[in-house]
Amino acid sequence: MKTNYRILFIGFFALCVSCVEKDKSSIPLVSVDMSKAEICYLDDIAENIECYNLNLPAGYYFGEIVDIQTHGDSLLLFHDFDNDQIYIFNDRGQYVNHLNRQGRGPGEYLNIEAFATNKATNQLIIYDHLGQKLVAYTLPDLKFAWQQRISKSLMSLAALSENVYFTIGDEDEGMQSVTCDGAAIYNIQSKEFMACDIPNDNMTVNFSSPQTISYTDKAHYYLCPSYYSTLYELSENGADPVLRFHFGNKNLPEKLWSSVPDPLTFPEMVQNNAYVLMPHYFLKQGDMCSFCFFEGDVRHVGMVMSPMCANAAPKVIKQIKLKGFKTATAIKPLGVLNDKYICLFYLHLCKIDETQIQESSVSQMIHEKLQHTQDEGTPVLLIFQPKFQ
């Protein structure tokens with residue numbers, strides 16, 4: 001089932017069979033009190049801030065970037081949903097290569113539903129939903145390596161080792177319903193899926209695409225967007241819960257995780273009640289962690305910074321702003337790299353106050369980069385490290 005961040009809520013929903021979960025009562029719980037949330041400038045909550053122009057070769061333009069993966073310490077791979085291509089840049093925003101092989105033959109794909117990079121094999125793996133297959137290419141030259149038919153409909157995947165992947169799947173059952181398949185471990189050698197003890201309701205599956213899987217240091221993590229958002233550490237043997245987050249009355253009501261709302265009214269309901277839907281992009285630094293989250297109709301990007309222990313008192317930021325840039329939507333987080341967050345910043349969504357920009361060295365740096373973009377629709381690359389106080 002083709003998914004897009006803009007139309008995440010549209011489609012047919014059905015009741016799903018849930019996995020049997022482990023007892024989570026002993027897992028540390030961090031309560032996120034939204035009443036104490038602040039509006040902060042990026043200067044105040046971040047350090048080691050970098051900004052780079054993204055420039056494509058002549059004749060190429062970005063459509064809608066919906067996901068980003070990293071490879072090694074320097075490669076950034078952007079999935080352009082509109083063009084069904086993947087653009088590769090280095091960590092300074094310089095163009096390296098791009099994948100554009102639509103077709104039905106070996107090494108070709110009909111669409112890109114999900115993709116991942118595999119450090120062990122130095123490959124890019126894409127999931128072609130319409131072709132029902134995985135296709136692998138070497139990095140960064142993008143030479144065809146292998147392909148494999150797959151029995152499930154995937155929304156996202158992450159490489160845990162040379163042959164083992166963590167997947168989030170939704171299973172198409174004709175035109176009238178969708179059976180949510182949920183989290184599983186897939187082995188490309190045996191071509192077998194192993195179920196995980198992770199919530200498998202329809203909301204969890206639909207909200208897991210694809211920004212809830214990330215890796216830090218040498219570990220992969222999955223932030224399950226269930227009623228209690230649970231952080232899992234992933235391995236070839238499964239998923240182990242390590243921490244839970246709860247947004248109190250800002251959580252999506254528990255009954256909705258197991259019910260089937262009208263898909264046409266659900267987005268409006270979420271917007272009107274300003275529910276915090278789920279955290280994204282977990283980043284671990286020692287015994288501290290942070291993650292981005294979206295509130296309401298995803299206009300506001302916030303962040304939580306917290307010790308990884310029970311009853312911690314997290315710092316909650318409900319909106320991140322830039323001095324001199326009047327906007328609520330221009331900063332778009334897309335992933336993590338080397339203990340930093342990777343974001344895109346869009347000039348055409350901003351109103352600029354030149355006086356305030358001069359008060360911030362960060363804003364001055366970003367403003368300078370924006371003057372040299374290809375066009376106003378081309379974002380700049382914004383990379384920063386959260387600053388714990």
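Computed from heavy atoms alone, side chains included, the values below leave out hydrogens, waters and symmetry copies. These numbers come from a predicted model, not from an experiment.
Here Phe166 and Tyr222 bring their ring centres to under 6.0 angstrom of each other. Taking the centre of each ring, Tyr186 and Tyr165 stay at or above the 6.0 Å mark. Between Tyr109 and Tyr127, a ring centre-to-centre spacing not shorter than 6.0 Å is recorded. Checked against the 6.0 Å centroid threshold, Phe384 and Tyr341 count as a close aromatic pair. Aromatic rings from Phe62 and Tyr87 are positioned such that their centres are separated by under 6.0 Å.
For the side-chain contact (heavy atoms from CB on, under 4.5 Å) with Phe245, the lone residue among Ser31, Pro28, Pro314, Cys289 that qualifies is Cys289. Screening Leu337, Asn338, Asp91 for a side-chain contact (heavy atoms from CB on, under 4.5 Å) with Ser74, the sole residue that qualifies is Asp91.
Heavy atoms only, all atoms of each residue included: Leu54 and Pro379 are closest at CB-O, 3.8 Å. For the residue pair Lys284 and Asp339, the shortest heavy atom distance occurs at O-OD1, 3.7 Å. Taking all atoms of both residues into account, the shortest heavy-atom contact from Val96 to Pro140 is CG1-CB, 4.0 Å. When every heavy atom of Met308 is checked against every heavy atom of Phe282, the shortest pair comes out as SD-CZ, 4.0 Å. Closest of all the heavy-atom pairs between Met305 and Pro386 is CE-CB, 3.8 Å. Taking each heavy atom of Lys387 and Asp43 in turn, the nearest pair found is NZ-O, 3.6 Å.
A 4.5 Å side-chain heavy-atom check between Asn251 and His246 finds at least one atom pair inside the cut-off. Ile68 is not listed as a side-chain neighbour of His79, based on a closest heavy-atom distance of 4.5 Å or more. Val336 has its side chain out of reach of Thr70: every pair of non-hydrogen atoms, C-beta onward, lies at least 4.5 Å apart. Using a 4.5 Å heavy-atom threshold, the side chains of Leu344 and Ile331 count as separate. Counting only heavy atoms from C-beta outward, the side chains of Leu29 and Asn311 never approach each other to under 4.5 Å. Under the 4.5 Å side-chain criterion, counting only non-hydrogen atoms from C-beta, Ile49 is not in contact with Ile383. The shortest side-chain heavy-atom distance between Ile317 and Val304 does not fall under the 4.5 Å cut-off. Taking the side chain as every heavy atom from C-beta outward, Ile125 and Thr117 never approach each other to under 4.5 Å.
Connection of Ile39 to Leu322 is not established within any shared hydrophobic cluster, with ILVMFWY side chains joined at heavy-atom distances below 4.5 Å, either directly or through further cluster members. Leu110 and Phe81 sit in two unconnected hydrophobic clusters of ILVMFWY residues. Membership requires side-chain heavy atoms under 4.5 Å apart, directly or through other members. Under a hydrophobic clustering in which Ile, Leu, Val, Met, Phe, Trp and Tyr are joined whenever their side-chain heavy atoms come within less than 4.5 Å, directly or via other members, Tyr95 and Val380 fall into the same cluster. Residues Leu130 and Ile112 fall into different hydrophobic clusters, defined by Ile, Leu, Val, Met, Phe, Trp and Tyr side chains chained together at heavy-atom separations under 4.5 Å.
No donor-acceptor pair closer than 3.5 Å links the side chain of Ser156 to the backbone N or O of Leu154. The backbone N or O of Asp84 lies less than 3.5 Å from a partner atom in the side chain of Gln102, making a donor-acceptor pair. A donor-acceptor pair is defined here as one N or O able to donate and one able to accept, closer than 3.5 Å; such a pair exists between the side chain of Thr167 and the backbone of Ala184. Put simply, the side chain of Glu368 never gets that close to the backbone of Gln364: no donor and acceptor are under 3.5 Å apart. Between the side chain of Gln147 and the main chain of Gly107, a donor-acceptor pair closer than 3.5 Å is present. Distance alone, capped at 3.5 Å, places no donor-acceptor pair between the Lys250 side chain and the Val32 backbone. Judged by distance alone, with hydrogens and angles left aside, the side-chain atoms of Asp44 form no donor-acceptor pair with the main-chain N or O of Cys40 at under 3.5 Å. When atom types are taken as modelled, the side chain of Asn163 and the backbone of Ile188 share no donor-acceptor pair closer than 3.5 angstrom. Not one N or O on the side chain of Thr212 forms a donor-acceptor pair closer than 3.5 Å with the backbone of His280. For Asn90 (side chain) and Gln94 (main-chain N/O), a donor-acceptor pair under 3.5 Å exists by modelled atom type.
Checked by atom type, the side-chain pair Ser161/Glu236 shows a donor-acceptor distance below 3.5 Å. Side chain to side chain, Tyr52 and Arg92 meet the donor-acceptor criterion of an N or O pair below 3.5 Å. Side-chain contact annotation: His98 with Asp80, donor-acceptor N/O pair under 3.5 Å absent.
With a 6.0 Å radius and a threshold of 12 heavy atoms from other residues, nucleotides or ligands, Gln385 has its CD atom above the threshold. The environment of Asp73 atom CG is sparse: at most 12 non-hydrogen atoms of other residues, nucleotides or ligands sit within 6.0 angstrom.
Within the model, atoms CD1 of Ile168 and NZ of Lys152 stand 11.0 Å from one another, a figure rounded to the nearest 0.5 Å. Atom CG of Asn122 is separated from atom CD of Glu162 by 12.0 Å, given to the nearest 0.5 angstrom. For the atom pair Lys315 NZ and Met288 CE, the distance stands at 11.0 Å (nearest 0.5 Å). To the nearest 0.5 Å, the span separating SG on Cys224 from OH on Tyr227 amounts to 14.5 Å. Here Ser306 contributes atom OG and Leu243 contributes atom CG; the two are 6.5 Å apart, rounded to the nearest 0.5 Å. The line from CD of Gln356 to NZ of Lys321 is 8.0 Å long, rounded to the nearest 0.5 Å.
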Notebook entry, point to check: Which is it for Leu231 and Tyr221 under the side chain to side chain contact (heavy atoms under 4.5 Å, CB included) test, yes or no, and what are the steps along the way?
Noted result: CA-CA 7 Å; Leu231 173 69; Tyr221 294 93; 3.8 Å; yes

Item checked: Steps toward side chain to side chain contact (heavy atoms under 4.5 Å, CB included) verdict (Val316, Met303) -> CA-CA 6 Å; Val316 187; Met303 181 176 289; over 6 Å; no

Notebook entry, point to check: Does the pair His71 and Asn118 meet the rule for a side-chain hydrogen bond (donor to acceptor under 3.5 Å, both in side chains), with working shown?
Noted result: CA-CA 8 Å; His71 183 65; Asn118 192 318; over 6 Å; no

Next item on the list: List the steps, then state whether side chain to side chain contact (heavy atoms under 4.5 Å, CB included) holds for Lys340 with Asn48.
Entry: CA-CA 9 Å; Lys340 295 182 179 181; Asn48 300 323; 3.9 Å; yes

Next item on the list: Evaluate side chain to side chain contact (heavy atoms under 4.5 Å, CB included) for Leu76 paired with Ile88, printing each intermediate quantity in order.
Entry: CA-CA 6 Å; Leu76 310 175; Ile88 304 179; over 6 Å; no

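The aromatic rings of Phe345 and Phe325 sit perpendicular to each other, their planes meeting at more than 60°, with 30° as the lower class boundary.
For the pair Lys143 and Tyr137, the cation-pi criterion (under 6.0 Å, within 45° of the ring axis) is not fulfilled.
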